[in-house]
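All remarks here apply to the structure that follows.
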Amino acid sequence: MHVDLSVSWLGLAMANPLYNASGVMCRSVAELEQVRTSAAAAVITKSCTPQPRTGNPEPRYCATALGSINSMGLPNAGYPYYLDYARSYPYAAGKPLFLSLSGMTLQENLDMLSDLAAAQLPCLPEVNLSCPNLPGKPQLGYDFQACHEALTQMARVYHGPFGVKLPPYFDPVHFARMAAVLNAFPALRFVTCINSIGNGLVIDVDRESVVIKPKDGLGGLGGSYVLPTALANVREFYRLLPGKHVVGCGGINSGREAFMHILAGATAVQIGTCLYEEGEGAFARILDELRALMAHKGYQRLDDFRGKLKTL
Ligand code: RRO
């Protein structure tokens, strides 16, 4: 049976629904090119600030049997570096480019968005409202009023389609409140759910120690630890944001989890921890598995099951 994995959204055509999660394999041009020339169907850059940052002290990432913990601290080469990449990007080759922006202040986000608007490039911004690893800085996504204000000002300076990266929410009242904020902005065309679950603690029993240095060991969780939380966020925002797209991110290690995210409503899906651990070969493997699972179930295209999760 022929299985068609293509995705059309935001006026973009993707050969399949997979790309990298921001933060993984996307800090340098060499890494971005690794993703672009892999089986991934799009590319997203590391969240950037106007100036380059070295980030938090190492060790700042650690993988475990169930996923990963990180407190990278927004290491990035600076907005102009990623803008240069976006200027030279071969859009005609059919792999959309997303630029992740994560200013340390609202003004920094406004400055980068204004500049990007002036550049008139076909890349799309994903504004990160959810970095959990900046000591002393709470995640914007957990302050609904501040999100409303930030989005109001961002929509004033950037008129094209854009998206946001959300932190995980854990309460139906919070899903509804955030959805009400997001629904007020028609140019906000997609939300990516989820960023890492903030401020977990992984402990090494042999060493009786934390495993990463920043914040006395606290860091964002990714990988299998977060799959059910990611799926809940995808499904809830899929229901609460009619007309917008949800990009699924969290705990995708195989075609099965990619299928789950799409069944929960994801238009496209991003690979984070698994990509970090396995390298870019993960894309082709996960696509093969997704294709085989769909063929086994008799699904020819993603629309046949997207968002069709059954309840009991
Ligand atoms: O760089 C990081 O520490 C980081 C960021 Br900006 C983010 O959004 N999510 C994450 O897990 N780590």
Looking just at side-chain N and O atoms, do Q153 and E149 make a donor-acceptor pair shorter than 3.5 Å? no
Are L275 and L227 grouped together when hydrophobic residues (ILVMFWY) are joined by side-chain heavy atoms under 4.5 angstrom apart? no
For A179 and F237, work out which heavy atoms get closest and say how close. N-CE2, 4.0 Å
Would the distance check show the side chain of S196 and the main-chain N or O of G198 forming a donor-acceptor pair, the cut-off being under 3.5 Å? no
V191 side chain reached by L241 side chain, heavy atoms, under 4.5 Å: yes
Quick one, P214 and N133 - any side-chain contact, counting heavy atoms below 4.5 Å? no
Output yes when R301 and D304 qualify as a salt bridge under the 4.0 Å nitrogen-oxygen rule, no when they do not. yes
V173-F144 co-clustered via ILVMFWY side chain contacts under 4.5 Å: no
Is there a path of hydrophobic side-chain contacts, each under 4.5 Å between heavy atoms of I, L, V, M, F, W or Y residues, that connects L83 with L124? yes
Atom pair SG/CG of C193 and L166 - distance to nearest 0.5 Å: 5.0 Å
T105 side, atom OG1; K137 side, atom NZ - distance, nearest 0.5 Å: 7.0 Å
Closest heavy-atom pair and its distance - I252, G248: CD1-O, 4.5 Å
Can you tell me if CZ on R177 sees more than 12 non-hydrogen neighbours from other groups inside 6.0 Å? no
Gap between atom CG of D143 and atom CE of M178 - 0.5 Å precision: 9.5 Å
Checking R306 side chain against H261 main chain: does a donor-acceptor pair fall under 3.5 Å? no
Regarding S254 and E257, do their side chains bring together a donor and an acceptor under 3.5 Å, going by distance alone? yes
Checking side-chain contact (heavy atoms from CB on, under 4.5 Å) against L263, which of L231, L302, L309 comes through? L309
Qualifying residue for side-chain hydrogen bond (donor to acceptor under 3.5 Å, both in side chains) with S47, from S100, S130, S102: S100
Donor-acceptor check, side chain of E289 to backbone of G255, threshold 3.5 angstrom: yes or no? yes
Given F162, W9, Y238, F190, the one that forms ring pair (Phe, Tyr, Trp, His ring centres under 6.0 Å) with H245: W9
Indicate yes or no for a side-chain donor-acceptor contact from R53 to the backbone of G73 under 3.5 Å, with no hydrogens or angles considered. yes
Sub-4.5 Å side-chain heavy-atom contact between K213 and R60: no
Could you please spell out the steps behind the side chain to side chain contact (heavy atoms under 4.5 Å, CB included) verdict for M104 and L134? CA-CA 9 Å; M104 301 290 283; L134 301 170; 3.9 Å; yes
Charged N to carboxylate O under 4.0 angstrom, K46 versus E31? no
K215 and N56: side-chain donor and acceptor closer than 3.5 Å? no
Is it the case that the side chains of N253 and S224 hold a donor-acceptor pair, with the cut-off being a distance below 3.5 Å and no angle test? yes
With side chain to side chain contact (heavy atoms under 4.5 Å, CB included) as the test, would you mind laying out the steps for Y19 and R36 before giving the verdict? CA-CA 9 Å; Y19 57 118; R36 190 182 65 78; over 6 Å; no
Just wondering, more than 12 heavy atoms not from D171 lying within 6.0 Å of its CG? yes
Could you check if a side-chain atom of Y142 sits within less than 4.5 angstrom of a side-chain atom of Y169, using non-hydrogen atoms only? yes
Closest non-hydrogen atom pair between C147 and L129, with its separation: SG-CD1, 4.2 Å
Would you indicate whether Q51, at its atom CD, is surrounded by more than 12 heavy atoms from other residues, nucleotides or ligands within a distance under 6.0 Å? no
Could you please spell out the steps behind the side-chain hydrogen bond (donor to acceptor under 3.5 Å, both in side chains) verdict for S6 and N16? CA-CA 4 Å; S6 68; N16 69 67; over 6 Å; no
Walk me through whether Y81 and T45 qualify under side chain to side chain contact (heavy atoms under 4.5 Å, CB included). CA-CA 10 Å; Y81 179 91; T45 60; over 6 Å; no
Should L99 and M72 be counted in the same cluster of Ile, Leu, Val, Met, Phe, Trp and Tyr side chains packed under 4.5 Å apart? yes
Will you find, in the side chains of Y79 and D115, an N or O donor that is under 3.5 Å from an N or O acceptor? yes
Without swapping roles, check the side chain of D84 against the backbone of Y82 for a donor-acceptor pair under 3.5 Å. no
Could you state the interatomic distance from CG (L240) to NZ (K244), rounded to the nearest 0.5 Å? 12.0 Å
Please examine the side chains of T311 and R235, heavy atoms only from C-beta on, and report whether any two atoms are closer than 4.5 Å. yes
Any donor-acceptor N or O pair under 3.5 Å, side chains D111, Q107: yes
Minimal non-hydrogen separation, P168 against T229, with atom names: CB-CG2, 3.7 Å
Sub-4.5 Å side-chain heavy-atom contact between N109 and V127: yes
Please give me the minimum heavy-atom distance between Y276 and V24, naming the atom from each residue. N-CG1, 3.5 Å
Euclidean distance, N70 CG relative to T273 OG1, rounded to 0.5 Å: 8.0 Å
Tell me yes or no: between the side chains of E126 and T192, is some donor less than 3.5 Å from an acceptor? yes
Quick one: do L140 and I194 end up in the same hydrophobic cluster if we chain Ile, Leu, Val, Met, Phe, Trp and Tyr together by side-chain heavy atoms under 4.5 Å apart? yes
Side chain to side chain contact (heavy atoms under 4.5 Å, CB included) for F305 and K297? Distances and angles first, verdict last. CA-CA 10 Å; F305 64 95; K297 287 172 172 283; over 6 Å; no
Please tell me whether T64 and Y225 have a donor and an acceptor in their side chains that are separated by less than 3.5 angstrom. yes
As an exercise, state the distance from CZ of R156 to CG of L151, rounded to the nearest 0.5 Å. 11.5 Å
Is any side-chain heavy atom of V211 closer than 4.5 Å to a side-chain heavy atom of Y61? no
Which pair of non-hydrogen atoms, one from P242 and one from R239, has the smallest distance, and what is that distance? CD-O, 4.2 Å
How about V3 and M1: do any of their side-chain heavy atoms sit closer than 4.5 Å? yes
Using modelled atom types and a 3.5 Å cut-off, is there a donor and acceptor pairing between side-chain atoms of N195 and backbone atoms of K165? no
